[in-house]
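Here's the structure, in structure tokens; my notes come after.
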Number of protein chains: 2
Amino acid sequence: MPTERPRRRIPEATVARLPVYLRILSEQAEEEVESISSDRLAELAGVNAAKVRKDLSYLGSYGTRGVGYEVAYLVYQIRRELGLTHDWPVVIVGAGNLGQALAGYGGFGERGFPVAGIVDVDPGKVGTVLGGVRVRHIDELSQIVQSKRVNIGVVATPTAAAQDAAERLVRAGVTSILNFAPVVLSVPRSIEVRKVDLAVELQILSYHEQRRATTSTLRSVAGGIGGGPGTNGQVGQVGQVGQGGQGGQGGQVGLGGTAATSRPASA
Amino acid sequence: MPTERPRRRIPEATVARLPVYLRILSEQAEEEVESISSDRLAELAGVNAAKVRKDLSYLGSYGTRGVGYEVAYLVYQIRRELGLTHDWPVVIVGAGNLGQALAGYGGFGERGFPVAGIVDVDPGKVGTVLGGVRVRHIDELSQIVQSKRVNIGVVATPTAAAQDAAERLVRAGVTSILNFAPVVLSVPRSIEVRKVDLAVELQILSYHEQRRATTSTLRSVAGGIGGGPGTNGQVGQVGQVGQGGQGGQGGQVGLGGTAATSRPASA
DNA sequence: CCAGCTTTGTGAACGTGTGCACGAGTGCCT
DNA sequence: AGGCACTCGTGCACACGTTCACAAAGCTGG
Ligand SMILES: NC(=O)c1ccc[n+]([C@@H]2O[C@H](COP(=O)([O-])OP(=O)(O)OC[C@H]3O[C@@H](n4cnc5c(N)ncnc54)[C@H](O)[C@@H]3O)[C@@H](O)[C@H]2O)c1
Ligand SMILES: NC(=O)c1ccc[n+]([C@@H]2O[C@H](COP(=O)([O-])OP(=O)(O)OC[C@H]3O[C@@H](n4cnc5c(N)ncnc54)[C@H](O)[C@@H]3O)[C@@H](O)[C@H]2O)c1
């Protein structure tokens with residue numbers, strides 16, 4: 001079993017898809033599927049088969065022509081490439097609505113991101129236990145980060161406090177931040193920041209809804225602008241998509257979208 | 001005041017940035033700033049100034065050369081383009097950890113996405129009140145969607161139930177879905193789906209952390225692989241970024257990343 | 001009214017991402 | 001052993017997105 005070093009630098013767009021492949025492959029492994037073709041994997045992931053092959057080719061791990069990929073080996077390779085060979089403890093700043101939901105969610109620990117700690121400024125929150133972890137005061141942040149060797153921090157404070165939270169995280173030694181507050185954080189360029197902004201997601205959906213309404217108005221002059229539900233409910237027929245092409249994605253610096261539109265075929 | 005129709009189709013990457021500009025411009029408007037340059041807006045949004053100008057040029061709304069853009073007018077134009085001239089009520093499926101956090105979060109209503117309803121299958125959850133909205137049984141979904149004219153649905157059920165939830169939403173008449181479950185939903189191609197997958201975000205961060213560790217190992221042979229915190233905390237000096245370029249983003253069909261990396265200068 | 005400064009709008013070059021098409025292996029069946 | 005069906009790996013063309021650079025346009029002061 002070759003332990004080749006990551007040969008090329010992996011494109012961000014590919015990095016963003018690897019976790020999806022990984023989840024699917026892990027599921028397949030549980031169902032005792034030993035081998036999988038790029039076609040099948042593409043179908044399950046809702047992407048183009050050529051894209052799957054190209055993505056996987058960056059791993060340097062080879063499939064077998066005429067056969068497909070060995071699921072277990074692929075899982076191993078992707079996990080290694082993503083740095084998932086060991087856990088990455090995370091620390092959450094802000095134990096409000098969202099922080100509590102995150103802490104109470106077991107999915108992170110399962111996927112290798114155990115919650116090493118939750119901190120808050122509110123004395124009323126300190127001491128309460130969320131998802132098995134006791135909320136501690138924010139002054140203990142540095143100590144938690146250092147003793148638990150935390151590299152990843154999550155900002156779940158109100159908007160006004162997000163910049164402060166980020167700075168505290170950076171000072172404490174965190175090098176990657178996942179930010180839920182709808183603000184652009186200012187941090188040293190060496191820090192990797194990713195943003196999840198639900199309002200932005202909804203606004204993008206709104207744009208498409210609005211566009212849908214406008215377009216149909218042009219065709220059927222009757223349609224009101226408010227745009228009632230389209231009620232075309234054809235749920236059964238799944239639309240395997242012709243993958244409407246588009247520029248890349250990736251956690252690029254500028255801004256960039258947040259979610260991905262997908263519409264794959266089910267099994 | 002010209003009310004020009006949206007001339008060109010707006011690129012997805014731009015659509016994904018407009019909400020960010022909108023938020024910043026709204027804040028500026030509250031601070032009574034009347035005019036803003038692309039440079040300043042770019043700085044606040046953490047993007048390249050040329051990108052800002054190009055993005056805004058798609059709106060057809062004009063700035064004034066030598067001066068900048070009129071904040072209020074830009075806000076109006078962006079809101080119009082994004083379809084934010086009226087509210088878009090949303091319905092949440094799944095009143096668990098996440099559904100409760102979403103319902104309890106006032107930010108959506110403020111931004112034009114009031115929670116029209118929350119539904120769940122669990123009889124124990126039905127009847128409880130979250131964020132001023134009573135949880136109702138999922139069988140009432142269609143009725144809610146139709147009576148409240150809901151176009152956007154949010155899937156916040158466990159993974160196993162997400163596909164079912166999506167199908168119910170589509171049958172009820174919803175045409176856009178925001179999915180929090182880590183699965184690829186199969187829906188008719190006419191339905192717009194966006195996915196927010198926190199585990200994917202963390203795994204992307206993990207990739208970069210791992211890469212950082214590997215790279216530094218090559219340089220300073222000493223460093224352990226586990227990669228303790230880097231503790232280079234230089235918080236004060238904000239890094240206005242040279243916008244490390246990258247391929248596009250956008251809510252493209254395939255998959256695609258979810259969050260964006262940003263690192264702008266603060267005011 | 002002109003000179004000089006500022007800032008927009010956009011053409012063009014470049015970089016990234018996507019998807020087709022096909023050569024090149026691999027396994028199976030006869 | 002040979003033929004055939006299958007699937008990977010990838011070159012290539014094209015689409016999309018980003019950034020630079022600069023002419024056009026507007027403002028201000030004299
Ligand atoms: N709740 C959601 O569903 C949701 C959805 C989208 C975005 N968000 C964003 O997530 C963030 C958190 O939302 P929420 O609903 O959990 O808010 P919240 O008000 O319920 O919780 C915020 C918590 O942060 C704590 N806090 C305040 N200042 C702090 C500081 N300087 N350091 C550490 N902790 C501090 C508060 O004590 C509070 O417990 C907000 O920025 C919000 O915009 C939340
Ligand atoms: N909680 C988080 O912070 C978090 C983070 C990332 C992803 N997620 C994802 O979000 C989803 C929800 O997470 P959660 O923590 O809220 O889960 P949860 O178990 O707390 O809540 C799920 C809710 O959905 C309800 N439900 C189950 N089947 C349903 C159906 N068919 N129709 C309607 N409702 C149904 C359940 O009764 C429950 O109330 C999961 O897919 C999870 O992977 C959650």
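In this text, all values refer to a predicted model and were calculated from it rather than measured experimentally. A, B, ... follow the sequence lines: proteins, then strands. Residue 1 opens every chain. The figures that follow rest on heavy atoms only: side chains count, while hydrogens, waters and symmetry mates do not.
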Rounded distance (Å) that lies between atom [atom2] of [N] and atom [atom1] of [X]:
X: B:L56; N: C:dT10; atom1: CG; atom2: P; value: 12 Å
X: A:K51; N: C:dT18; atom1: NZ; atom2: P; value: 4 Å
X: A:R65; N: C:dG27; atom1: CZ; atom2: C1'; value: 14 Å
X: B:D55; N: C:dT10; atom1: CG; atom2: C1'; value: 13 Å
X: A:Y58; N: D:dG9; atom1: OH; atom2: C1'; value: 12 Å
X: A:L59; N: D:dG9; atom1: CG; atom2: C1'; value: 13 Å
X: B:E43; N: C:dT7; atom1: CD; atom2: C1'; value: 15 Å
X: A:L74; N: D:dC8; atom1: CG; atom2: C1'; value: 12 Å

With distance as the sole criterion, is a donor-acceptor pair present between the side chains of B:T14 and B:D55 under 3.5 Å?
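Looking only at side-chain atoms, B:D55 and B:T14 do form a donor-acceptor pair, the distance falling under 3.5 Å.
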Would you mind reporting whether [Y] and [X] have side-chain heavy atoms less than 4.5 Å apart?
X: B:E209; Y: A:T175; result: yes
X: A:L56; Y: A:L74; result: yes
X: B:L22; Y: B:L84; result: yes

Minimum-distance nucleotide (side-chain atoms of [X] versus [options]):
X: B:P11; options: C:dG27, C:dT8, D:dG17; value: D:dG17
X: B:R53; options: C:dT10, D:dT10, C:dT18; value: C:dT10
X: A:S37; options: D:dG26, D:dT7, C:dT10; value: D:dT7
X: A:E12; options: C:dG17, C:dT18, D:dT10; value: C:dG17

If the cut-off is 4.0 Å, is [X] near the phosphate of [N], judged by side-chain N/O to OP1 or OP2?
X: A:R17; N: C:dT18; result: yes
X: A:Y62; N: D:dT7; result: no
X: B:Y69; N: C:dG9; result: yes
X: A:T64; N: D:dC8; result: no

Mutual orientation of the aromatic rings belonging to A:Y76 and A:Y73 [parallel < 30°, tilted 30-60°, perpendicular > 60°]:
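Aromatic pair A:Y76/A:Y73 classed parallel.
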Under-3.5 Å donor-acceptor pair between B:K54 side chain and D:dT19 base:
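Between D:dT19 and B:K54, which were checked side chain against base, a qualifying N/O pair under 3.5 Å is present.
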